[in-house]
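Report on the following structure.
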Amino acid sequence: MLNKLYADRMALLGGESAFEVLAKAKALEAQGKHIVHFEIGEPDFDTPKNIVEAAKKALDEGYTHYAPSQGYLPLREAIAEYVKKYKNVDADPDEVVVVPGGKPVMYYTFMALVNAGDEVIYPNPGFPIYESLIHFLQAVPVPVDIKEENDFRLDVNELKSKITSRTKLIILNSPANPTGGVLTPEDINAVADAVKGKGIYVLSDEIYERIVYSGNVKSIASIPGMKDWTIILDGFSKAYAMTGWRLGYSITNKELAQKFTALMTNSNSCVATFTQIAGIEALTGPQDAVSEMVAEFKKRRDIIVNGLNSIRGISCKKPEGAFYAFPNITGTGISSKELADFLLNNAGVAALSGESFGSCGEGYLRLSYANSIDNIEIALERIEKALKRL
Ligand SMILES: Cc1ncc(COP(=O)(O)O)c(C=O)c1O
């Protein structure tokens, strides 16, 4: 009955289990329980001081008014230089749109490109908002299975077999959430070969690009002929520990950048101006904090992966990027959701069920190791003990 109050499309929108589990974990903490948080996907480091100082200075200098919807030009120039350096992509500042976080790039891509009935290929398991937006816009979901035996990399042959004349968009995410899988340059080249000349756009979610443990990530937009057909999604949340600042950007062709700008004008008007000034400092200032954070994540990765592999019923591949472990838990004999609930209630460890990232995530948990080594060790001990009681 009450549902009649809302537009029909609201019933199609999904959510993100990380925020739901965080709420449950907080409720347990309020009852005095100690919880180790592995659910939320954000660096536990503070934003580097030079970036915070730049924001404070910008406030003092009066950067408190509207900025252009597309983004403040000096920031778009800094982003264009940054993507040349880190992604080998030649972008003009006119091809950059500054938005509040990486997520809006997904939303704007769907709003600008996808009609009801269009097919969208996306990773399963994958970031839940991809599937949510596919349903929201009544597009046709075409999942590609991401398998452990393929090191959690997308199987390009499977992807090719799913392309039809109705494919509008393919979503890539490397390094990936929730698996930590990283596509090789050969994978990226093969995807480009599969889509070139077919009028298919690629949304390349590169938000974890800086958090890789060996080698570099290749952007599909760096391949000749692909830039006009790629939407790069990137931002400041993960690389610079700036999740709460809400600062991200897209790189697209100029025409699509204008569509995204129109969507910005119709929704946010602009990103907070002093935040944009701080973004310039993040990109052009010292990068030591990023490498220190990645080195610390690597230590934690090794500890959590080794620890998980020593627990009966669990096996875990070493993730090559991002800060998520995605252990196989089929040996415990219960489902991902049951295990996640069991660990939260019986071991005080908040983790996410792999299946909340798509049906192919069943049999796995996602543990965000953006937490201290001490806490990781406590959690490993608790998981081992609790599983003996299963
Ligand atoms: C794969 C992926 N893309 C995009 C985002 C969104 O990032 P932001 O917080 O900048 O909107 C996240 C956040 O967790 C993510 O995991």
Side-chain angles (χ1 to χ4, degrees), residues 14-22 37-45 47 51 71 75 79 97-110 122-134 144 146 152-154 169-183 202-212 217 219-220 230-251 260 263-264 267-268 271-272 275-276 278-279 282-283 290 297 319-326 352 354 356-358 361 366-370:
E16 235 188 294
S17 64
F19 290 103
E20 289 155 25
V21 176
L22 178 67
H37 291 273
F38 284 157
E39 74 280 41
I40 204 85
E42 66 171 340
D44 54 321
F45 304 97
T47 303
I51 302 173
L75 175 58
I79 292 170
V97 182
V98 178
V99 297
K103 238 182 208 174
V105 179
M106 295 170 202
Y107 195 74
Y108 293 172
T109 298
F110 275 82
Y122 65 106
N124 177 5
F127 191 55
I129 302 305
Y130 306 147
E131 202 171 70
S132 167
L133 289 173
I134 291 170
V144 175
I146 305 295
F152 295 119
R153 287 161 34 227
L154 169 118
L169 180 69
I170 293 177
I171 304 178
L172 299 181
N173 175 215
S174 172
N177 178 5
T179 61
V182 176
L183 297 177
V202 176
L203 170 60
S204 180
D205 184 340
E206 302 175 6
I207 198 92
Y208 296 101
E209 178 197 47
R210 297 288 293 279
I211 307 173
V212 277
V217 202
S219 174
I220 194 164
T230 304
I231 299 103
I232 293 179
L233 176 163
D234 207 341
F236 298 70
S237 298
K238 316 288 175 173
Y240 298 102
M242 290 174 72
T243 46
W245 293 65
R246 310 312 300 141
L247 187 60
Y249 57 88
S250 60
I251 312 281
F260 285 14
L263 286 162
M264 271 297 285
S267 50
N268 294 283
V271 172
T275 307
Q276 297 194 47
L283 300 183
V290 183
F297 276 144
E320 286 301 323
F323 39 77
Y324 305 112
F326 202 63
L352 301 185
S356 63
F357 295 88
R366 190 196 80 168
L367 309 178
S368 161
Y369 48 88

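Indexing begins at 1, ligand by ligand and atom by atom, following the structure's order. These numbers come from a predicted model, not from an experiment.
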* Of all the non-hydrogen atoms in the protein, which one sits nearest to atom 1 (C) of ligand 1, and at what distance? -> Asp205 OD2, 3.3 Å
* To do: Side-chain contact test, heavy atoms from C-beta onward, threshold under 4.5 Å: evaluate it for Asn173 versus Tyr122 and give yes or no.
  => no
* Is Ile129 touching ligand 1 with its side chain, its backbone, both, or neither, if touching means heavy atoms under 4.0 Å apart? -> neither
* Asked: Do the side chain of Lys238 and the main chain of Gly41 share a donor and acceptor less than 3.5 angstrom apart?
  -> yes
* Asked: Does Tyr208 have a non-hydrogen atom less than 4.0 Å from ligand 1?
  -> yes
* Is Ser237 close to ligand 1, meaning an N/O of one under 3.5 Å from an N/O of the other? -> yes
* **Atom indices of ligand 1 within 4.0 angstrom of Asn173 heavy atoms, with elements** => 1 (C)
* Check: Asn177 N/O within less than 3.5 Å of ligand 1 N/O -> yes
* Asked: Within the side chain of Arg366, is there an N or O that forms a donor-acceptor pair under 3.5 Å with the backbone of Glu39?
  -> yes
* May I ask whether Ile207 places a heavy atom under 4.0 Å from ligand 1? => yes
* Asked: Can you check whether Ile129 reaches Tyr107 side chain to side chain, under 4.5 Å on heavy atoms?
  -> no
* To do: Report yes if some heavy atom in the side chain of Val271 is under 4.5 Å from a heavy atom in the side chain of Met264; otherwise report no.
  => yes
* Asked: Are Leu22 and His37 close enough that some pair of their side-chain heavy atoms sits under 4.5 Å apart?
  -> yes
* Ser174 side chain to Leu183 main-chain N or O, any donor-acceptor pair under 3.5 Å? -> yes
* Where is the nearest protein heavy atom to atom 12 (C) of ligand 1: which residue, which atom, and how far? -> Phe127 CZ, 3.6 Å
* To do: List every atom of ligand 1 that sits less than 4.0 Å from any heavy atom of Gly102, numbering the atoms from 1 in the order shown and giving each element.
  => 8 (P), 10 (O), 11 (O)
* Measure the distance from atom 6 (C) of ligand 1 to every protein heavy atom, then report the residue, atom name and distance (to 0.1 Å) of the closest one. => Lys103 N, 3.9 Å
* Asked: Polar-atom distance check: Leu233 versus ligand 1, any N or O pair below 3.5 Å?
  -> no
* To do: Examine ligand 1 and decide if any of its atoms is less than 4.0 Å from a heavy atom belonging to Glu42.
  => no
* Would the Phe323 and Tyr208 ring centres measure less than 6.0 Å apart? -> yes
* Out of curiosity, is Glu16 lining ligand 1, as in a heavy atom under 4.0 Å away? -> no
* Using a 4.5 Å cut-off on heavy atoms from C-beta on, say whether the side chain of Phe110 contacts that of Ile134. => yes
* Asked: What atoms of ligand 1 come within less than 4.0 Å of a heavy atom belonging to Gly101?
  -> 10 (O), 11 (O)
* Asked: To which protein heavy atom is atom 9 (O) of ligand 1 closest, and what is the distance rounded to 0.1 Å?
  -> Arg246 NH1, 3.0 Å
* Measure the CE-CD1 distance between Met106 and Ile171 for me, rounded to the nearest 0.5 Å. => 8.0 Å
* Asked: For Tyr130 and ligand 1, does the shortest N/O to N/O distance drop below 3.5 Å?
  -> no
* Asked: Ignoring hydrogens and geometry, is there a side-chain-to-backbone donor-acceptor pair from Thr47 to Ala241 under 3.5 Å?
  -> yes
* If you measure every N/O of Lys238 against every N/O of ligand 1, is any gap under 3.5 Å? -> yes
